[in-house]
Amino acid sequence: MEIRLREPWPTTVADAVETQLRLRGEVRAVDETPRPVRTVAGVDVAYDRNSPRLAAAVVVLDHTTLEVLETSTVVTTTEFPYEPGLFAFWELPAVVEALRRLRTTPDLLVCDGHGLAHPRRFGLACHLGVLTGVPTFGVAKTVFVGEFVPPASKRGSWSPLVADGEVVGAAVRTRDGVKPVFVSIGHRIDLDTARDHTITLCTKYRLPETTRHADHLSREVLAGRISPSVEG
DNA sequence: GCGACAG
DNA sequence: ATCTTGTCGC
């Protein structure tokens with residue numbers, strides 16, 4: 001898929017924060033997903049324990065059958081330091097490169113982390129959505145900002161995630177009796193739709209099949225058991 | 001001021 | 001995120 005970056009990646013923390021505050025004005029919180037959604041892609045990155053090496057993986061699934069249609073992987077290094085709240089700046093450059101190598105443009109992107117449920121309301125799911133123009137949402141394993149009442153233990157139960165009096169996401173039970181995940185919008189989708197997709201994509205495990213596929217592939221590539229689409 | 005802090 | 005032993009359950 002084609003992705004045109006309008007500006008270079010920031011290299012300092014101050015520039016990164018400024019970029020977030022500027023780009024967050026472009027986030028659209030309304031459902032603009034195509035109907036029907038035909039393809040959905042999972043995105044994840046694996047890291048090396050003691051080197052700046054990382055592997056990004058994108059896995060495109062058929063939204064109906066959850067069959068794998070296409071994959072793309074990139075092994076590279078990152079310079080930006082890991083800072084909570086600035087996660088996108090050290091993870092997204094590799095992800096964007098992997099997405100570029102995709103033959104097809106997915107209808108929907110599922111991120112491993114938060115979107116709106118971020119201190120400045122601009123987590124990596126929002127950032128990736130604004131950069132690509134593709135509808136995105138985030139499914140995170142732990143809370144970053146906000147409070148929630150634990151949802152009922154039944155799969156499909158959920159409760160709002162509230163930060164500063166604002167609903168920024170939802171705690172969603174994707175499996176009976178298992179810890180909830182935290183869903184928030186990224187771009188061109190609404191929270192209800194993102195929640196629906198989360199339940200649809202969590203068929204057997206706590207996390208969406210998209211995320212599980214991308215997580216597994218990124219680890220295999222980083223370990224050298226699978227060769228990447230691109231190395232740089 | 002101090003601690004907490006997506007992955 | 002990554003490292004790591006054992007344990008519980010389908």
Side-chain angles (χ1 to χ4, degrees), chain A residues 9 13 16-17 19-20 23-24 27 42-59 73-96 98 109-131 136-148 153 155 161-164 166 168-172 174-187 191 194 198 202-208 210-225:
Chain A
W9 290 97
V13 167
V17 171
T19 298
Q20 290 184 328
L23 292 183
R24 76 176 177 187
V27 168
V43 167
D44 199 15
V45 177
Y47 307 93
D48 195 307
R49 180 192 171 123
N50 34 43
S51 89
R53 237 167 57 89
L54 57 80
V58 179
V59 179
T73 54
V74 168
V75 171
T76 185
T77 56
T78 181
E79 341 71 41
F80 204 94
Y82 170 69
E83 298 268 351
L86 299 178
F87 191 44
F89 296 95
W90 95 304
E91 175 154 316
L92 286 193
V95 168
V96 165
L109 296 175
V110 183
C111 297
D112 182 36
H114 293 100
L116 236 212
H118 173 278
R120 288 175 292 278
R121 307 293 182 265
F122 196 72
L124 78 165
C126 296
H127 203 145
L128 187 61
V130 167
L131 291 183
T136 59
F137 68 95
V139 179
K141 296 179 283 298
T142 61
V143 174
F144 190 17
V145 293
E147 309 80 43
F148 67 101
S153 61
R155 163 178 156 91
L161 177 64
V162 178
D164 306 309
E166 176 191 4
V168 296
V172 179
T174 56
R175 295 280 290 165
D176 287 3
V178 169
K179 282 191 306 178
V181 298
F182 303 91
V183 177
S184 60
I185 67 156
H187 184 49
L191 185 55
T198 301
C202 294
T203 52
K204 196 168 162 51
Y205 300 94
R206 179 185 176 225
L207 296 177
T210 39
T211 300
R212 288 172 41 77
H213 273 104
D215 178 78
H216 181 253
L217 180 57
S218 64
R219 289 177 200 246
E220 290 296 301
V221 168
L222 190 70
R225 291 188 285 269

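Proteins get letters first, then strands, A, B, ... in listed order; numbering begins at 1 in each. Small disclaimer: the values here were computed from a predicted structure and weren't measured. All heavy atoms count here, side chains included; hydrogens, waters and symmetry mates do not.
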- Message: Can you list everything that forms a side chain to side chain contact (heavy atoms under 4.5 Å, CB included) with A:Asp44? Sequence neighbours excluded, please.
- Response: A:Asp112, A:Ala214, A:Asp215, A:Ser218
- Item | Each stem that DNA chain B is part of, given as range with range (3 or more consecutive Watson-Crick or G-U pairs, under 3.5 Å) | none
- Find the distance A:Leu222:CG to C:dC3:C1' and express it as a whole number of Å.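 After rounding, the gap between these two atoms is 14 Å.
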- Message: Rounded to whole Å, how long is the line connecting atom CG of A:Asp48 with atom P of C:dT2?
- Response: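 In whole Å, C:dT2 P lies 9 Å from A:Asp48 CG.
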Backbone of [Y] reached by a side-chain donor or acceptor of [X] within 3.5 Å:
X: A:Thr136; Y: A:His187; answer: yes
X: A:His118; Y: A:Gly85; answer: yes
X: A:Asp48; Y: A:Leu54; answer: no
X: A:Arg53; Y: A:Val75; answer: no

Parallel, tilted or perpendicular: which one describes the rings of [X] and [Y], with boundaries at 30° and 60°?
X: A:Tyr82; Y: A:Phe87; result: perpendicular
X: A:Phe148; Y: A:Phe182; result: perpendicular
X: A:Phe89; Y: A:Trp9; result: perpendicular

- Item | Contact summary for A:Cys126 and A:Ile185, nearest pair of heavy atoms | SG-O, 3.6 Å
- Which atom pair, heavy atoms only, marks the closest approach of A:Ser184 to A:Gly115? OG-N, 2.7 Å
Which atoms of nucleotides 5-7 of chain B (N or O only) lie under 3.5 Å from a protein N or O atom, and what are those distances?
| unit_1 | atom_1 | unit_2 | atom_2 | d |
| --- | --- | --- | --- | --- |
| B:dA6 | OP2 | A:Tyr82 | OH | 3.1 |
| B:dA6 | N7 | A:Gly85 | N | 3.1 |
| B:dA6 | N6 | A:Gly85 | O | 3.2 |
| B:dA6 | N6 | A:Phe87 | N | 3.3 |
| B:dA6 | N6 | A:His118 | NE2 | 3.4 |
| B:dA6 | N1 | A:Leu124 | N | 3.2 |
| B:dA6 | N3 | A:His114 | N | 3.3 |
| B:dG7 | OP1 | A:Lys141 | N | 2.9 |
| B:dG7 | OP2 | A:Thr142 | OG1 | 3.0 |
| B:dG7 | O3' | A:Asp112 | OD2 | 3.0 |

- Message: Give the dot-bracket line for DNA chain C from 5' end to 3' end: parentheses for intra-strand Watson-Crick or G-U pairs under 3.5 Å, square brackets for crossings, | for inter-strand pairing, dots for unpaired.
- Response: ..........
- Note on the structure: Applied to residues 78-92 of chain A, the salt bridge (Lys or Arg N to Asp or Glu O under 4.0 Å) test, sequence neighbours excluded, yields none
- Message: So A:Pro208 and A:Val139, do their side chains get closer than 4.5 Å, heavy atoms only?
- Response: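 A:Val139 vs A:Pro208: side chains touch.
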- Its contact letters, B for base, S for sugar-phosphate only and - for none at protein heavy atoms under 4.0 Å, make nucleotides 4-10 of chain C read -------
- Task: Would you verify whether the NZ or CZ of A:Arg212 falls within 45 degrees of the ring axis of A:Tyr205 while also being under 6.0 Å from that six-membered ring's centre?
- Result: yes
